[in-house]
Amino acid sequence: MAEPLMRVQNLVRRFGGILATDNLSLDVIPGELHAIIGPNGAGKTTLISQLTGQLTPNSGTIHFAGMDVTRLPAYRRSRLGLARSFQITSLLPNFTAIDNVALAAQAHDGHSFRFWGDARKEQHLREAALSALRRVGLEKRANVVVSELSHGEQRELELAVALATKPQLLLLDEPMAGLGVTESARMVGLLKELRKEVTIVLVEHDMEAVFALADRITVLVYGRVIASGGPDEIRNNEEVKRAYLGDQHAVTRRG
Amino acid sequence: MKLSFNARNVVVVLVIAGLLLLPVYSALSGKVFVLTLFTRIIIFALAAASLNLIMGYGGMMSFGHAAYLGIGGYAVGILAHEGIGSGFIQWPVALITSALFALVIGSLSLRTRGVYFIMITLAFAQMAYYVASGLSRYGGDDGLTIYKRSDFGGLINLSDRVQFYYVCLACLLGGVYLIWRIVNSRFGMVVQGVRSNEQRMQAIGFPAYRYRLVCFVISGTICGLAGALLANNTDFVSPAVMYWTRSGDLMVMVIFGGMGSLFGPVIGAIAFLLLEEFLSQFTEYWALIMGPLLLLIVLFARGGIMGILGRFSRG
């Protein structure tokens, strides 16, 4: 097995009396698409937020590309090549699509204590932004203000913003949330393309998408990993079936 | 800058032209008070424009902005009192002191958000107010008279009404131009991004706090310049310029004119101070009219006067 790109060891995060992350360990191998699934409230978003630095764990460590990043603030991790998309679309609503992406490119192009030149006229930032928009099929909507984009387009823009930071590891928090059937299919197609270039951790409720995309799947229940392995292994895992009793058909439908 | 022909830009051009020609009108009509009134308006417009940089573009609701008016003013007043009359020393000291004060206030208050931020900036400004009241050597509560305006050698004579007016106007136009450049620069994009969604900005790699802090310092420094001008205008500086109602006035000017619009605070300052001037001729309870007016703007015209003009030109 290759040296992991991200190694999470014995991560613990409490909210009052609730253990949202319970002694969780996890490896992400370079090049893989690693899906994290689990019932509602399993602590998936809490985990992602700790990985990206929005939340600090109570104990445990996170290593990324060989570095201990456990205490590093979010912006420093982003500089190391860790990007995330948000479950609830979290863009700059009064900026245009291209401005949103260009800012992400700007964040990784030296410091921004430049007070005089017009940022919107910096060709290389515009071009980087446009190419990220092209990747997700939004280039024609570049100059539309985010609040006027459809929900599906906003999800795609989330992805373009993450891509513009030139990530080594992309953490996607439910990119399919709230998408219609056609939009979901488009997103799956997009992720199939992206996974060729970048390592992806995918948190997703859409089981069909997860089993279609993932190399490995980790199942979380109450903040604990109950199983981790290839799609077939997970599909046939008794404990997973039990945890998903209510949604069992969703897991086994394709099996 | 592409100048499109809409109501907003027409108004801005007319206002600038009007301000440039005002001394001519004053001279021809013999109405000296017009020049004095507008000198004051222009100084407050500069202060409001600086507040707009953090409030409108940066989303930082500072309720202590008048502190810099006082700090800039006291820098001039105290130096003049101690026999240092040169503007080449007084004004840089005013700017640097304001910047340092903003750095201290900002580095503490920017760790908080929302109401706490408003309260902390207010508290710091009130502290500055009480410190100034305690400066018995410099007049304490009664304030400090400045017997000689800042001296710029043979270059300009601030005691000449017209020259002083144009110095103030140059500071205002220069300040607004500077803010315009900043807002559209890389730095400005980051600051506006942080106002819109701080978590997102952190996630894509920006240390939001630093950018907000630098923006806060720039804003305070520009307001410090307004303070130096104000002290020269009134030949006097007292703790009253720092009182919290002054900070409130500045906020009202920004909201009146249009938060986050480049020229809005200038229009807001003109509207506010003209209203105050004329209403107070009829009644001492002029605030009773001003208050509901502000309410109407906040309730029905979020973008202030500039917002109304913008809507007008789109129709």
Side-chain angles (χ1 to χ4, degrees), chain A residues 48-49 51-55 72-86 88-96 99-122 125 146-147 157-158 160-167 171 173, chain B residues 1-2 50 53-54 56-59 99 103 111 174-219 221-222 258-262 302-303 307 310 314:
Chain A
I48 292 274
S49 297
L51 299 186
T52 51
Q54 271 98 23
L55 262 182
L72 230 48
Y75 74 89
R76 296 271 305 276
R77 296 189 204 194
S78 166
R79 299 236 166 123
L80 290 175
L82 194 59
R84 87 171 281 184
S85 78
F86 289 85
I88 296 149
T89 306
S90 171
L91 296 152
L92 311 175
N94 39 3
F95 282 49
T96 61
D99 282 347
N100 265 275
V101 188
L103 258 173
Q106 182 186 317
H108 294 259
D109 182 53
H111 66 81
S112 285
F113 289 104
R114 300 189 200 170
F115 303 92
W116 201 250
D118 192 332
R120 288 191 182 86
K121 286 185 184 140
E122 289 196 45
L125 292 182
V146 167
S147 53
L157 185 56
E158 276 269 342
V161 169
L163 284 176
T165 65
K166 296 188 205 128
L171 300 159
D173 195 357
Chain B
M1 176 166 54
K2 255 185 287 172
S50 75
L53 176 62
I54 51 171
Y57 293 104
L103 186 67
R111 294 173 196 279
V176 171
Y177 180 68
L178 176 70
I179 290 169
W180 177 61
R181 296 302 303 223
I182 290 175
V183 164
N184 289 299
S185 72
R186 279 188 173 215
F187 176 80
M189 297 294 282
V190 177
V191 167
Q192 291 174 78
V194 173
R195 175 196 59 185
S196 183
N197 189 339
E198 181 170 354
Q199 192 192 32
R200 150 66 69 189
M201 293 300 280
Q202 300 264 16
I204 62 176
F206 289 111
Y209 174 80
R210 278 179 226 168
Y211 288 94
R212 289 159 60 101
L213 180 58
V214 171
C215 187
F216 194 83
V217 170
I218 294 173
S219 166
T221 311
I222 297 175
M259 251 205 291
S261 81
L262 190 68
R302 274 291 168 82
R314 236 173 284 145

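What you are looking at is a predicted structure, and each value in this text was computed from that prediction instead of being measured.
- Listed here is the closest heavy atom pair of Leu178(B) and Trp116(A): CD1-CZ3, 3.6 Å.
- Residue Ala83(A): no heavy atom, backbone or side chain, is found under 4.5 Å from chain B.
- With a 4.5 Å cut-off on non-hydrogen atoms, Arg210(B) touches chain A through its backbone and its side chain both.
- Annotation: the span from Leu103(A) atom CG to Arg186(B) atom CZ amounts to 10.0 Å, rounded to 0.5 Å.
- For the atom pair CE of Met189(B) and CD of Glu122(A), the computed distance is 10.0 Å after rounding to the nearest 0.5 Å.
- For Phe115(A), the ring-ring contact (aromatic ring centres under 6.0 Å, His included) test picks out Phe187(B), with sequence neighbours left out.
- Arg76(A) CZ: 12 or fewer foreign heavy atoms inside a 6.0 Å radius.
- Contact count against chain B (heavy-atom pairs under 4.5 Å) is highest for Asp109(A) among Asp109(A), Val161(A), Thr165(A).
- Remark: Gln202(B) pairs with no residue by the side chain to side chain donor-acceptor pair (under 3.5 Å) rule, at least two apart or across chains.
- Going from atom CG of Asp99(A) over to atom OG of Ser196(B) covers 11.0 Å, rounded to the nearest 0.5 Å.
- Put simply, the side chain of Arg200(B) reaches to within 4.5 Å of the side chain of Glu158(A), judged on heavy atoms.
- Both the backbone and the side chain of Gln106(A) come within contact range of chain B, judged by heavy atoms closer than 4.5 Å.
- When each of Leu91(A), Asn100(A), Thr52(A) is scored by its heavy-atom pairs under 4.5 Å with chain B, the top score falls to Leu91(A).
- Contacts between Ser90(A) and chain B at a heavy-atom distance below 4.5 Å involve backbone atoms as well as side-chain atoms.
- Contact count versus chain A (heavy atoms, under 4.5 Å) is highest, among Gly193(B), Ser185(B), Ala208(B), Gly188(B), for Ser185(B).
- Looking at Phe113(A), both its backbone and its side chain come within 4.5 Å of chain B, counting heavy atoms on both sides.
- Atom OH of Tyr75(A) sits about 14.5 Å away from atom CD1 of Ile204(B), to the nearest 0.5 Å.
- In this structure, chain B has heavy atoms under 4.5 Å from both the backbone and the side chain of Pro93(A).
- Ranking Ala74(A), Ser112(A), Ser78(A) against chain B, the residue ahead of the rest is Ser112(A), based on heavy-atom pairs under 4.5 Å.
- Nearest heavy-atom pair, Arg79(A) versus Gly205(B), reported as atom, atom and distance to 0.1 Å: NH2-O, 3.0 Å.
- Heavy-atom distances place the side chain of Leu125(A), and not its backbone, under 4.5 Å from chain B.
- Heavy-atom distances place no part of Tyr209(B) under 4.5 Å from chain A, backbone and side chain included.
- When each of Asn184(B), Val183(B), Val190(B) is checked for heavy-atom pairs under 4.5 Å with chain A, Asn184(B) comes out on top.
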Decide yes or no on side chain to side chain contact (heavy atoms under 4.5 Å, CB included) for Leu92(A) and Gln192(B), but give the supporting numbers first. CA-CA 9 Å; Leu92(A) 311 175; Gln192(B) 291 174 78; over 6 Å; no
